[in-house]
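Some notes on the structure that comes next.
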Amino acid sequence: MSSPAAVPEPPTVIELQSHDDRVSLRYRLSAVADRRVVLVLPWELDFLSRSLDFDLLRREALRQRKEVAVVSADPERRRLAREGGVPVFRTVEAAHTASRWKGRGDQPIAAPPRPWWAPEVDLQRERKRPRPTWLSRMGTGIRLALFGLVVVVLAATAYAIGPRAEVTLVPSGAEVTVDVRVAVNPETETAQYFGGEAATGETGAVAGSVPTRRVGLEVERTAEVATTGTQTVIVGRATGEVLFINLLPQDYVVPAGTIVRTSSTSYPIRFRTTADVVLAVDGQGTAPITALDERTGNVGALQINRVEGVVGSAVRVINPQPTKGAEPQDIQVVTQDDYDRLREQLTQELLNDAHHDLHSLLEPYEFLPRESLRVESVPKKAYSHFVGEESETVSLNLRLLISGQAVDAADVQGIAYRGLIEKLLPNQQLIEADFDIGAVRQDEDALGWFTVAVSGRGYAAAVIDPDEVVRSVRGQSVCDTQTILMADYPLAEPPQITVWPEWPDVLSWLERMPLLPIRMKVRVTPQASPIPAG
């Protein structure tokens with residue numbers, strides 16, 4: 001019985017990354033102690049994508065005495081590997097299970113065929129005749145002369161391109177200011193600058209107009225105020241006493257709760273007896289009474305003369321004395337002025353709420369003037385009491401749809417920026433600027449709904465062309481360069497010149513500006529502006 005075939009040792013697997021190259025691959029192969037190595041190639045690997053790369057891989061494997069196989073899903077790489085003599089597999093498992101990796105080693109290169117008539121090549125070095133002494137000395141002199149010429153050329157070249165210089169110039173400058181008014185016009189789509197006298201702000205004209213974006217939302221709030229109206233009403237319940245007269249030929253009991261009233265007024269005032277009274281035949285008796293309703297007032301003597309119900313057919317009634325207890329008093333009532341005052345107060349509070357809440361709908365570069373807020377509609381308005389109703393307070397629940405105009409701050413500042421530009425001299429440029437958006441006011445004569453006041457402050461510096469500076473001072477001495485710069489350019493302070501290399505005083509005449517413009521660097525640095533950061 002034959003023994004089973006020996007299972008080969010598993011090879012070392014190296015997974016290459018997209019940034020690996022020939023140097024990193026050589027290092028990773030040298031770090032592996034195993035003889036068999038499998039290289040897993042990713043799709044995005046730049047290396048090992050040509051026949052030459054696989055030929056170099058095969059030679060490096062031979063040099064390190066390792067068997068190297070390639071695993072790649074790319075069919076083109078597998079074809080190039082096979083042509084380069086490198087074993088190739090589709091998967092690492094296939095490489096592991098293969099008993100033998102098929103490839104090819106270095107093949108000896110056969111000499112090209114030689115015709116029968118061609119002489120054999122003698123690989124021995126050809127013997128030369130000794131050179132004469134004078135010829136050797138002449139060659140040495142020529143070499144020395146060439147060496148000296150090269151030294152001179154190198155020295156001249158170093159003098160021309162070796163030095164470098166750095167020049168720092170601080171141009172003169174001045175502060176410019178402008179105060180303009182900008183119209184906010186919802187009907188325009190782009191910012192417009194009018195220029196001219198309007199840009200100075202001295203004529204009071206509008207310097208430009210900017211578009212807006214309408215935003216809106218609903219806000220709701222409830223407020224309460226004290227009423228201011230007064231009205232005189234009767235307070236308290238009237239009480240008194242009535243006299244009943246029996247009309248029947250027998251005793252009669254007038255029960256408590258019997259209703260008696262007046263008849264001389266357009267609106268009868270009714271009372272209720274509070275105790276039983278027994279009337280003898282043809283007799284009479286008194287009973288206490290209390291008014292049914294409060295604030296009906298007192299009645300005079302002999303005013304109560306009617307008895308309601310069945311009792312009215314058995315007795316007669318009269319009040320010998322006036323009733324008492326219901327007195328006139330001033331009370332607070334709701335008036336139309338209270339309505340108007342409450343509505344105005346609540347409207348202002350809702351405008352404040354809307355101005356705060358609308359900021360959540362703005363872009364980071366926008367602002368919302370409160371003067372632009374408008375009430376578009378009133379979806380809800382509910383008062384707690386009617387006009388004329390008795391109450392010490394009255395409340396209102398109000399919901400408003402409020403819209404505002406969002407303004408792009410960059411557009412507004414851009415109008416002021418254009419005004420600053422117009423104030424510059426022809427040889428100046430604006431280095432930095434700061435803007436303050438001021439008061440907003442409604443203006444019927446303006447182009448839009450309202451105008452915004454903008455103040456601009458900028459720092460203008462003289463324009464200096466670095467290329468022109470290089471052309472004017474190239475090859476000049478340091479002293480002459482400083483004189484030329486101070487005379488030809490508006491500078492706030494003397495220029496700072498740094499030259500390399502620095503020579504001693506005895507060789508100071510060698511300190512010159514470079515001849516090559518690329519060896520000279522000119523920095524134009526305006527002086528610090530007094531304008532504070534915005």
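All figures in this text were calculated on a predicted structure; none of them were measured in a lab.
- The side-chain heavy atoms of Val71 and Arg90, taken from C-beta on, include no pair separated by under 4.5 Å.
- Under the 4.5 Å side-chain criterion, counting only non-hydrogen atoms from C-beta, Met513 is in contact with Met520.
- With values rounded to the nearest 0.5 angstrom, Leu350 atom CG is found 5.0 Å from Leu400 atom CG.
- No donor-acceptor contact under 3.5 angstrom links the side chains of Asp480 and Thr483, judged on distance only.
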Query raised in the report: Run the side chain to side chain contact (heavy atoms under 4.5 Å, CB included) check on Arg519 and Leu516 step by step: do they pass?
Result: CA-CA 6 Å; Arg519 301 292 293 173; Leu516 296 180; 3.9 Å; yes

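- The backbone N or O of Ile14 sits nowhere less than 3.5 Å from a side-chain atom of Arg28 that would complete a donor-acceptor pair.
- Side-chain N or O atoms of Ser377 include none that pairs as donor or acceptor with a backbone N or O of Pro379 at under 3.5 Å.
- Using a 4.5 Å heavy-atom threshold, the side chains of Val40 and Val13 count as touching.
- A donor-acceptor contact shorter than 3.5 Å is absent between the side chain of Arg457 and the backbone of Asp434.
- Not counting sequence neighbours, Asp411 has no partner by the salt bridge (Lys or Arg N to Asp or Glu O under 4.0 Å) test.
- In terms of the side-chain hydrogen bond (donor to acceptor under 3.5 Å, both in side chains) criterion, Arg22 has no residue partners (sequence neighbours excluded).
- Within a 6.0 Å radius of CZ in Arg63, more than 12 heavy atoms belonging to other residues, nucleotides or ligands are found.
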Requested in this report: Verify side chain to side chain contact (heavy atoms under 4.5 Å, CB included) between Val219 and Asp357, making sure each step is shown before the conclusion.
Outcome: CA-CA 9 Å; Val219 289; Asp357 296 342; 4.0 Å; yes

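- Atom NE2 in His19 sits 10.0 Å away from atom CD in Glu44 (nearest 0.5 Å).
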Report task. Show your working on side chain to side chain contact (heavy atoms under 4.5 Å, CB included) between Gln476 and Ile484 and close with a plain yes or no. Result -> CA-CA 10 Å; Gln476 301 291 333; Ile484 293 173; 4.2 Å; yes

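- With contacts defined as side-chain heavy-atom distances shorter than 4.5 Å, the pair Val206/Val182 does not qualify.
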Query raised in the report: Given Leu41 and Asp74, is the side chain to side chain contact (heavy atoms under 4.5 Å, CB included) satisfied, shown in steps?
Result: CA-CA 9 Å; Leu41 309 185; Asp74 187 357; over 6 Å; no

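- Side-chain contact between Val452 and Val407: absent, with no pair of heavy atoms (C-beta onward) separated by less than 4.5 Å.
- Using modelled atom types and a 3.5 Å distance limit, the side chains of Glu376 and Ser403 yield a donor-acceptor pair.
- A heavy-atom distance below 4.5 Å is found between the side chains of Asn397 and Glu220.
- Of the possible donor and acceptor atoms, none in the side chain of Gln413 sits under 3.5 Å from a partner among the backbone N and O of Ala410.
- No more than 12 heavy atoms of other residues, nucleotides or ligands lie within 6.0 Å of CD in Glu187, so this atom counts as exposed by the packing criterion.
- Looking only at distances, no side-chain donor or acceptor of Arg214 sits under 3.5 Å from a matching main-chain atom of Gly404.
- The distance from atom CG of Leu491 to atom CE of Met486, rounded to the nearest 0.5 Å, is 6.0 Å.
- One finds a salt bridge joining Glu166 and Arg523 here, because a Lys/Arg side-chain nitrogen approaches an Asp/Glu carboxylate oxygen to under 4.0 Å.
- When the options His359, Arg213, Gln405 are evaluated for a side-chain hydrogen bond (donor to acceptor under 3.5 Å, both in side chains) with Glu366, the one that passes is Arg213.
- For Asn185 and Ser209, the side-chain atoms include no donor-acceptor pair closer than 3.5 Å.
- A salt bridge does not link Arg418 to Glu422: none of the charged side-chain nitrogens sits closer than 4.0 Å to a carboxylate oxygen.
- A 4.5 Å side-chain heavy-atom check between Thr451 and Val440 finds every atom pair outside the cut-off.
- Side-chain atoms of Ser30 come within 3.5 Å of backbone N or O of Arg26 as a donor-acceptor pair.
- Looking at Asp53, its side chain does come within 3.5 Å of a backbone N or O of Ser49 through a donor-acceptor pair.
- Annotation: side chain of Pro494 is in contact with side chain of Gln482 (closest heavy-atom distance under 4.5 Å).
- Taken from OG in Ser372 to CZ in Phe367, the straight-line distance is 9.0 Å, to the nearest 0.5 Å.
- Atom OG1 of Thr498 and atom NZ of Lys521 lie 11.5 Å apart (nearest 0.5 Å).
- In this structure Arg370 satisfies the side-chain contact (heavy atoms from CB on, under 4.5 Å) test together with Gln348, Leu351, Asn352, His355, Leu373, sequence neighbours excluded.
- By the 4.0 Å N-to-carboxylate-O rule, Arg471 lies too far from Asp467 to be salt-bridged with it.
- In this structure, Gln496 CD and Thr525 OG1 are separated by 9.0 Å, a value rounded to the nearest 0.5 Å.
- Counted by atom type alone, Asp436 and Ser455 present zero donor-acceptor pairs between their side chains at under 3.5 Å.
- Judged purely by atom type and a 3.5 angstrom limit, Lys381 has no side-chain atom pairing as donor or acceptor with the backbone of Arg399.
- In terms of heavy atoms, Pro526 sits closest to Val170 at C-CG1, 4.3 Å.
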